[in-house]
Amino acid sequence: MIVVKTAREIRLMQDACTLSARALKLAGEMVEPGVSTLEIDTAVRKFIEGEGGVPSTLGYEGYPASTCISVNSVVVHGIPSKKTILKSGDIVSIDIMAGMHGFHGDNAYTFACGDISEEARALLDATKESLYEGIKAAQAGNRIGDIGSAVQRYVEARSYGVVRNFTGHGVGANLHEEPSVPNYGTPGRGPRLLPGMTIAIEPMITLGDHHTRILKDGWTAVTVDGSLAAHFEHTVCITPDGPLIMTQLKE
Ligand code: MF3
Ligand code: CO
């Protein structure tokens, strides 16, 4: 079932989304050579808890951390570790969900650590842009396939790979709700977008082939060919006036 939220629920959920965005900003500011991904995770957990929120992923289906930090060929769900020390040239995807008032926000951003290659920079730019292409298609009356096809068209025109094994999703009182929001699709297909739906749009894009596999820890998803991957995500509310990005900070 796809949940349509009331205006009151959306207002409550906005606080979780703002907290998620602030946590992601803080995490990004910590990305530097020599920092471990566990240090970032610990700071994020303390920040979210200090603001009266909950790190939604901690303990979710057994997931052991407050962030997912996915470096280079890790696509998503990298588990923060004191052994993963960032170095210049790394691309670092950080995915954070924070909960407050019974709702959750979800957002991700791929940060550059130090100086990154031109091809890595181009991958980051294209992935971020593809997210905004997807958001633009998230208009009331459109369908889920319109979002996926917008992302896919943008990405494949630039010869990158669109990950299929993971998708965006509805988000609200639960971390993952219907509908599933693939980053590929056919215009005019899939569930219709209605005002009050809140969805996480999250393209995961590869420099090489899009196939992924999961490491023995049961979480870490990597590209099969070892190519770099990037991941950008926003929580978006469908409104009569167009998509509202709930995880965007007002500067
Ligand atoms: N934001 C991530 C996602 O939507 C959270 C995954 S839940 C985790 O896929 F517990 F697996 F981290
Ligand atoms: Co998500």
Side-chain angles (χ1 to χ4, degrees), residues 2-3 13 16-25 27-28 37-38 40-42 44-45 48 53-71 74-81 84 92-100 103-111 127-128 130-132 134-135 138 144 147-148 151 162-184 197-206 212-222 229-238 243 245-248:
I2 299 179
V3 187
M13 185 164 154
C17 289
T18 301
L19 184 58
S20 303
R22 290 175 67 209
L24 184 58
K25 180 164 186 271
T37 57
L38 184 63
I40 299 174
D41 186 78
T42 303
V44 166
R45 177 169 50 74
I48 292 173
V54 291
S56 314
T57 56
L58 189 59
Y60 175 76
E61 293 183 5
Y63 186 75
S66 304
T67 61
C68 300
I69 307 186
S70 306
V71 181
V74 182
V75 182
V76 285
H77 303 166
I79 301 174
S81 162
T84 307
V92 185
S93 301
I94 306 185
D95 188 346
I96 299 180
M97 300 187 83
M100 194 172 244
F103 290 95
H104 303 277
D106 193 0
N107 61 176
Y109 195 100
T110 304
F111 300 96
T127 307
K128 188 202 253 183
S130 76
L131 168 60
Y132 287 96
I135 292 172
I144 286 292
I147 298 174
V151 172
V162 172
V163 170
R164 269 56 163 185
N165 289 344
F166 302 91
T167 66
H169 50 90
V171 55
N174 302 293
L175 278 59
H176 295 125
E177 301 181 347
E178 287 182 48
S180 161
V181 184
N183 295 300
Y184 53 90
M197 284 174 54
T198 47
I199 55 175
I201 304 179
E202 50 178 318
M204 290 149 264
I205 305 303
T206 58
T212 62
R213 66 186 175 88
I214 311 260
L215 300 187
K216 284 199 196 76
D217 61 24
W219 286 103
T220 312
V222 300
H231 179 206
F232 286 78
E233 173 177 34
H234 272 309
T235 298
V236 174
C237 182
I238 311 303
I245 304 178
M246 298 181 76
T247 43
Q248 186 105 287

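Counting starts at 1 for both ligands and their atoms, in listed order. Computation of the quantities below employed the complete heavy-atom set of this structure, encompassing side-chain atoms and omitting hydrogens, waters and symmetry-equivalent molecules. Numbering of residues begins at 1 and proceeds along the displayed sequence.
- Residues in residues 59-70 take part in no salt bridge (charged side-chain N to carboxylate O under 4.0 Å, His left out) pair, two or more places apart or across chains.
- The distance between the ring centers of H231 and Y109 does not fall below 6.0 angstrom.
- In this structure, the ring of Y60 has its center no less than 6.0 angstrom from the ring center of H104.
- In this structure, H234 and I135 have side chains that are in contact, with non-hydrogen atoms separated by less than 4.5 Å.
- Of all protein atoms, those that are N, O or S and lie under 2.8 Å from the Co ion (ligand 2) total 4.
- When each of N107, T247, I245 is checked for a side-chain contact (heavy atoms from CB on, under 4.5 Å) with T235, only T247 meets the rule.
- Here L58 pairs with R45, P55, S66 under the side-chain contact (heavy atoms from CB on, under 4.5 Å) rule; sequence neighbours left out.
- Using a 4.5 Å cut-off on side-chain heavy atoms (C-beta onward), I40 and T42 make no contact.
- With contacts defined as side-chain heavy-atom distances shorter than 4.5 Å, the pair N165/V75 does not qualify.
- When each of E178, E202, E177 is checked for a side-chain hydrogen bond (donor to acceptor under 3.5 Å, both in side chains) with H169, only E202 meets the rule.
- Taking a heavy-atom cut-off of under 4.0 Å, ligand 1 is surrounded by T57, Y60, Y63, C68, H77, D95, M97, D106, H169, H176, E202, W219.
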